[in-house]
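In what follows, a single structure is set out as structure tokens and then discussed.
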Amino acid sequence: MANSPSGDSMIDRLVRVLASFDPDHQSLATDEIAERAELPKSTAYRLIGEMMRHDLLQRDPNGRIRIGVGMWELSNRASDAVDLASVARPHMMGVHEFVGENTQLGILREREVLIIERMSAPNAVIHRSKTAGRLPAHASSCGLVLLAYAPKHVREAYLRGPLSAITEKTTTDPATLRKMFTSIRSHHFAELSGHIDEGTTGITVPVFDAGGAAIAGLGVVIDSEHRKGVPAIMRVLRTASARITQDLTADHRFAG
């Protein structure tokens, strides 16, 4: 792969262009992409043109650039995350209908939780997570569940990294987080209030594969002032998680 004068490869530059987009920047001007991808404008213009010819990027009605349908097609052809979301979706619908709030499925990717499926409603509480969005693992109930069930060396490596606070309630002390991990493994769920968004509570249970490994977190985000139904929500989440595990066990795509 040919390198640029700065030493980065074409793949490096393509990835930086795609990484310029996030839930808060779903469409960008070409100059904005060049700046966010740290590319010369001439290079950015050329790469964007080539990516548009392959439908990896496209222009919206306002002339701004956004992720194209070709990227969606490629990502849906051979992705374990997409397969997992498709297995979980029917059971998530049951949770969503019961709770009437935000229901989501997340997986751990390095230091973040990647939301691979999310269901919401017009009157649901507003929160930061979106499908294909990411959250700091230590600040989300889903991330804490996945870290709690991860191998010890994974947890300790995470705790050595930066632990930034999103709100004043976000736990950033490694010793406190270790105690939280122990509690989560004992009770098989995590509940966090106000760690990412003020006024919201996240409740997440682990989803296990056929081998007993926690591969995802299934959770809801609800209004912290209306938490009387938490025990019932927990039962619904655990039932859905068990059924997802049953389906994963029967699905040849997840065979060991």
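From a predicted model like this one, the values you see are computed outputs, not experimental measurements.
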Would you give me the side-chain donor-acceptor pairs under 3.5 Å for residues 232-243, sequence neighbours excluded?
residue	atom	partner	partner atom	Å
R238	NH2	H187	O	2.5
T239	OG1	R235	O	2.9
S241	OG	P206	O	2.6

Verdict with supporting geometry, L144 and S141, side-chain contact (heavy atoms from CB on, under 4.5 Å): CA-CA 5 Å; L144 288 183; S141 59; 5.8 Å; no

- prompt: Counting only heavy atoms not in E50, do more than 12 sit closer than 6.0 Å to its CD atom?
  reply: yes

- request: Starting at CG of L146, measure out to OG1 of T204 and round the result to the nearest 0.5 Å.
  value: 8.0 Å

message: Apply ring pair (Phe, Tyr, Trp, His ring centres under 6.0 Å) to residues F181 and Y149 and explain how you reach the verdict.
response: CA-CA 8 Å; F181 295 151; Y149 283 92; over 10 Å; no

message: Which heavy atom of I166 sits nearest to which heavy atom of T170, and what is that distance?
response: N-OG1, 3.2 Å

query: Looking at CG of L47 and CG of L39, how far apart are the two atoms once the value is rounded to the nearest 0.5 Å?
result: 6.5 Å

Nearest atoms (heavy-atom pairs only) where I244 meets V207: CG2-CG1, 3.6 Å

message: Determine whether H195 and S193 satisfy the following criterion, side-chain contact (heavy atoms from CB on, under 4.5 Å), listing intermediate values before the conclusion.
response: CA-CA 6 Å; H195 283 228; S193 295; 5.6 Å; no

message: So which atom in A139 and which in I196 form the shortest heavy-atom distance, rounded to 0.1 Å?
response: O-CG1, 3.1 Å

- prompt: How are the rings of H138 and Y158 set relative to one another: parallel (under 30°), tilted (30 to 60°) or perpendicular (over 60°)?
  reply: tilted

field: Rounded distance [0.5 Å steps], CZ in R66 versus CG in L57
entry: 11.0 Å

- request: Would you sort out whether I203 and V230 count as a side-chain contact (heavy atoms from CB on, under 4.5 Å), showing the intermediate values?
  value: CA-CA 8 Å; I203 306 169; V230 168; 3.9 Å; yes

- request: Could you check L163 against L177 for side-chain contact (heavy atoms from CB on, under 4.5 Å), going step by step and ending with a plain yes or no?
  value: CA-CA 11 Å; L163 301 170; L177 286 168; 4.0 Å; yes

query: CD1 of I65 to OG1 of T30: how many Å apart, nearest 0.5 Å?
result: 4.5 Å

task: For D60 and S27, work out which heavy atoms get closest and say how close.
output: OD2-CB, 3.6 Å

message: For D247, is there an ion pair with R89 - N to carboxylate O distance below 4.0 angstrom?
response: no

message: With clusters defined by side-chain heavy atoms of hydrophobic residues (ILVMFWY) lying less than 4.5 Å apart, directly or transitively, does I107 cluster with V154?
response: no

message: With a 4.5 Å cut-off on side-chain heavy-atom distances among I, L, V, M, F, W and Y, is there a chain of contacts connecting Y45 to M10?
response: no

message: Walk me through whether R178 and E156 qualify under salt bridge (Lys or Arg N to Asp or Glu O under 4.0 Å).
response: CA-CA 9 Å; R178 289 188 186 96; E156 291 303 315; 2.9 Å; yes

field: Approximate separation, where rounding is to 0.5 Å, of M119 CE and M93 CE
entry: 6.0 Å

Check ion pair D22-R134 (N to O, under 4.0 angstrom): no

message: Quick check: closest heavy atoms across S86 and D83, and the distance to 0.1 Å?
response: OG-O, 2.7 Å

message: Is there a path of hydrophobic side-chain contacts, each under 4.5 Å between heavy atoms, that joins F98 and L105?
response: yes

message: If I compare all heavy atoms of C142 with all of V113, which pair ends up nearest, and what's the gap?
response: SG-CG1, 3.8 Å

